[in-house]
Amino acid sequence: MPSKVEKWKDEVYGNEIREHLMEFAEKGWDAIPEDEHDAWFERFKWWGLYHQRSGQESYFMMRIGTPNGVIKPGQLEVIGEIAKEYATGPVDNPEFGEAYCDWTTRQSIQLHWIKLEDIPEIFEKLEAVGLGTQQACGDSWRNIVGCPVAGKDKHEHVDAWPVAEDLHETFKGNDDYSNLPRKWKVAIAGCDEGCGQGDINDLAFEPAEKDGELGFNVRIGGGLSRKEPRLARDIDVWVPPEQAADVAHGMSSLFRDYGDREDRFNARIKFLMDEWGPEKMRSVLQEEYVDFELPTAGEDMRDQYSYNTGSQDGHNDHVGIHEQKDGNYYIGLNVLVGRMGADDVLELAELADEYGSGEVRLTQRQNIIVTDVPEENLDEFTSEPLLENYSPDPSPFMRGSIACTGTEYCSLSIVETKNRQVRYARWLKDNVELPEDHKDFHIHLSGCTASCAQPQIADVSLRGMKTRKDGEPVEALDIGLGGGLGDDPRFADWVEMRVPADEVPGAIKNLVNNFEDAREGGETFRDFVEDRDEETLAEMVEPEETDYHDPYMHNTKMTWYPYAEDDDMQSSPAPTDGSGEPLPSDD
Amino acid sequence: MTTDVHQLDDGAWISVNDSREVNVSDLWLLARSDFCGCETTDFLAEGFVKVGVDYPDIQARIAGQCIACGESGVTDWLTVGRVVDPNSGEFYGVDHESVHFPEKRTRLAHPEK
Ligand code: HEM
Ligand code: SF4
Ligand SMILES: [Zn+2]
């Protein structure tokens, strides 16, 4: 029996949702029939709107998909203005203030506290500069990710940006692919650093050479969610850039037709890959979905990959000052946990205009890159006061931190994430010394097993849990070690479970010290973990209370908003009308 | 009116008649269950896998973990609340902090994934 969500999708889905959305927005929150809430909120995702968690009814998260993270000249200013005007809630965030943008791990943008009534205005402003929210969530082609410096970088062999843009144009709003069994995540990269993160996407195009021609090898079925992480598997197919779209058509049609529509937990293509294996995947693609002979895989560049390999060289997270192939520079700025205040966004938009071309790009490590800066502007740009907070040369603990949305807004979350990770990073910066030769050290915090912060591919992986401390339930984290990408990608080993959140910084401090003492020669952290068994590693993680203080131990999910002075669920003002005034609630 | 129950957002919560009623991240005390070796399982709900109605009970099978011993898995059917009067559709949640007894079998009027 098809799932309930499938039934709703059969009734109304894809582009046509928009007219209903606009009509509801026009009439106001109350116009959505009470017995159709679930169906409409499920559908609104397709237009980038995700109803926020319990206690925050009538407020939406809005996701804007920027393919390959490219924010063209003029767009950042509009994003900042929209955040400032519309993304404000009843209570400020103590770290980030009243309005902010989240740069996400899939090179997208998230705004929170969006009111239904404001959506027509927001869409108009976004669309006027070529931005949009279409298919940013929901069962469809999601934002396409890739090397954030595609077209600029010296390590590039194929310029993947025009291909990514072409895929985006072809598959956004395309009715043939608007109703897939589940989300469909695509990565494409043409550089030899491996920063497309193809291994954790449903469909990955990776640079490869065949008979002297440059194109892409195809991998299928990666993803991290639900304690079922999978690396994408090689299906032994190579495509030239001009045929990438044909293979993408074929693969997403295959997924549309064969993906599981009865059980959403089993719907992602990684599970079909489990069932079929790469040979069958290839032959079904060949026989039923493409009308030309698929070439076998070409020679890839995976042995040159440096991105997130733990090797401590290569341009890794793109933070810092790097020369482009046209002689200009790109400057990767660290944005701690990916969240940037709206005023700062507006200021950065001005600076990007003044010193560069006005273009900026988002990375899959929640950072932002200002591109096209001529050499003569570098000194002046890097001495701008804004760059003290968004540094091109931050502490490894600041630059390595990634955190998901967590209990602040997300229904699935178990623990508070972003504000906690900000406090962790500051404490670690002040209290822990990494070995001299370790400039990159990734700590990813996800509030639950959905793994939006990609914890499994970090040096230190943190995942939301609970435990009891003196009998009382408190927020806790599972700790995993040694994950990363590269030629030999590896998911973290979960070695220490249910550590009270206030003992995690102490645990990381002890771990780093134990690593420093026990490492052999120039052994990297990643190799160190790979060469030791779980038991040995678990002993090196010694959870400990320190002077680190955690204000979020108290089961933040049970609050309506974790940082409200009166955070009791019953004190929530939601649902509210278009101007934020409380409406009588239905229960 | 029939009672409409489903899990949404990948098992994040249970909807009863289009109202969000039961959420993940709560702790449930489970007794006489074979979920783990503990006498009472101190169960963290991480995702609703299946939901159903066994009038007047609203039931669910929940994915999660015992935070005392670390055993993880999916529970048997648990009553998470009641809709006593299907006409009003009003939902009365159980107190998840009191002790619960998961059942092996249940007659489900409307089983749903
Ligand atoms: C309101 C709820 C949620 C919020 C706020 C949220 C937030 C995010 C963010 C910020 C990202 C990275 C950005 C992007 O996709 O463009 C992300 C990615 C992701 N989300 Fe969520 N998410 C939510 C619900 C879920 C749920 C229900 C799942 C369940 C499967 C999920 C699974 C993932 C995964 C697996 C990734 C990325 C990791 C990968 O590439 O495999 N998220 N989410
Ligand atoms: S990892 Fe879990 S808690 Fe974090 S945003 Fe994703 S779904 Fe929410
Ligand atoms: Zn137990």
Side-chain angles (χ1 to χ4, degrees), chain A residues 1-8 32-42 45 50-51 53-55 57 182-183 225-227 262-267 407 410-415 447-450 463-468 473-476 478 494 497-498 555-558 569 585-587, chain B residues 1-29 38 40 42-52 61 63-74 81 83 88-93 96-97 108 110-113:
Chain A
M1 192 175 66
S3 67
K4 180 81 87 194
V5 173
E6 284 298 325
K7 189 180 137 258
W8 295 331
I32 310 174
E34 261 173 34
D35 60 352
E36 296 176 17
H37 274 191
D38 294 346
W40 286 112
F41 299 155
E42 194 59 44
K45 292 177 187 171
Y50 210 121
H51 195 207
R53 73 161 169 92
S54 258
E57 283 75 14
R182 200 72 173 69
K183 58 176 99 168
S225 64
R226 296 248 150 216
K227 293 190 182 168
E262 303 199 347
D263 179 0
R264 292 182 65 76
F265 295 126
N266 194 46
T407 53
C410 171
S411 321
L412 213 54
S413 61
I414 309 291
V415 301
C448 80
T449 59
R463 180 173 72 194
M465 253 294 135
K466 284 194 180 174
T467 191
R468 284 184 194 271
V474 294
E475 299 201 353
D478 287 345
W494 295 98
M497 312 307 257
R498 301 182 300 284
N555 299 287
T556 53
K557 188 68 171 291
M558 288 153 90
M569 194 59 95
S585 144
D586 48 4
D587 50 25
Chain B
M1 119 182 168
T2 58
T3 303
D4 198 15
V5 185
H6 36 258
Q7 59 81 12
L8 282 167
D9 290 353
D10 301 287
W13 46 281
I14 298 177
S15 164
V16 182
N17 298 326
D18 280 73
S19 173
R20 284 198 278 216
E21 298 294 359
V22 193
N23 290 293
V24 293
S25 97
D26 286 336
L27 288 168
W28 297 70
L29 281 179
C38 300
T40 41
D42 203 355
F43 182 78
L44 172 68
E46 294 185 89
F48 298 99
V49 178
K50 287 190 172 142
V51 292
R61 297 191 63 188
Q65 183 169 142
C66 171
I67 63 164
C69 71
E71 186 65 41
S72 67
V74 177
V83 174
S88 78
E90 188 130 2
F91 176 83
Y92 300 91
H96 55 85
E97 282 164 64
L108 286 179
H110 307 282
E112 216 220 304
K113 273 189 187 149

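Keep in mind that the numbers below use all heavy atoms, side chains included, and drop hydrogens, waters and symmetry copies. Sequence lines set the chain letters: A, B, ... in the order given, protein chains first and strands last, and positions in each chain run from 1.
- One distance of note links CG of Asp35(A) with CG of Asp4(B); it measures 8.5 Å at 0.5 Å rounding.
- Test Arg182(A), Arg226(A), Arg264(A) against Asp10(B) for salt bridge (charged side-chain N to carboxylate O under 4.0 Å, His left out) and you get one pass: Arg182(A).
- Residue Asp18(B) comes nearest to His37(A) through the heavy atom pair OD2-N, 3.0 Å, listed as atom of the first residue, atom of the second, then distance.
- Contact annotation for Ser413(A): only backbone heavy atoms (N, CA, C, O) come within less than 4.5 Å of a heavy atom of chain B.
- Taking every heavy atom of both residues into account, Phe48(B) and Phe265(A) meet most closely at O-CZ, 3.6 Å.
- Within the 4.5 Å cutoff, no side-chain heavy atoms of Arg53(A) are placed close to those of Asn23(B).
- The shortest heavy-atom contact between Ile414(A) and Ala45(B) is CD1-O, 4.0 Å.
- When heavy atoms are compared at a cutoff of 4.5 Å, Met465(A) approaches chain B by way of both its backbone and its side chain.
- For the atom pair Ser19(B) OG and Asp38(A) CG, the distance stands at 8.5 Å (nearest 0.5 Å).
- Between chain B and the residues Met497(A), Lys557(A), Lys227(A), the most heavy-atom pairs under 4.5 angstrom are made by Lys557(A).
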I'd like to know whether Met558(A) forms a side chain to side chain contact (heavy atoms under 4.5 Å, CB included) with Asp26(B), so could you lay out the CA-CA distance, the side-chain angles of the two residues, the decisive distance to 0.1 Å, and finally the verdict. CA-CA 8 Å; Met558(A) 288 153 90; Asp26(B) 286 336; 4.0 Å; yes
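- Counting heavy-atom pairs closer than 4.5 Å to chain B, the top-ranked of the candidates Arg498(A), Lys45(A), Glu57(A) is Arg498(A).
- Contacts between Ala63(B) and chain A at a heavy-atom distance below 4.5 Å are absent for every atom of the residue.
- By the side-chain hydrogen bond (donor to acceptor under 3.5 Å, both in side chains) test, Glu36(A) is found to be paired with Trp40(A), residues two or more places apart in sequence or in another chain being considered.
- Using a distance-only test at 3.5 Å, with no hydrogens or angles considered, a donor-acceptor pair links the side chain of Lys466(A) to the main chain of Ser25(B).
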Steps toward side chain to side chain contact (heavy atoms under 4.5 Å, CB included) verdict (Phe41(A), Arg20(B)): CA-CA 12 Å; Phe41(A) 299 155; Arg20(B) 284 198 278 216; over 6 Å; no
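- Put simply, NZ on Lys7(A) and NE2 on His6(B) are 8.5 Å apart, with the number rounded to the nearest 0.5 Å.
- Counting only heavy atoms from C-beta outward, the side chains of Leu8(B) and Val5(A) approach each other to under 4.5 Å.
- Taking 4.5 Å as the limit, some side-chain heavy atom of Glu42(A) sits within range of a side-chain heavy atom of Asp9(B).
- Proximity to chain A (any heavy atom under 4.5 Å) is shown, for Glu90(B), by neither the backbone nor the side chain.
- In this structure, Glu34(A) and Asn17(B) have side chains that are not in contact, with every pair of non-hydrogen atoms separated by 4.5 Å or more.
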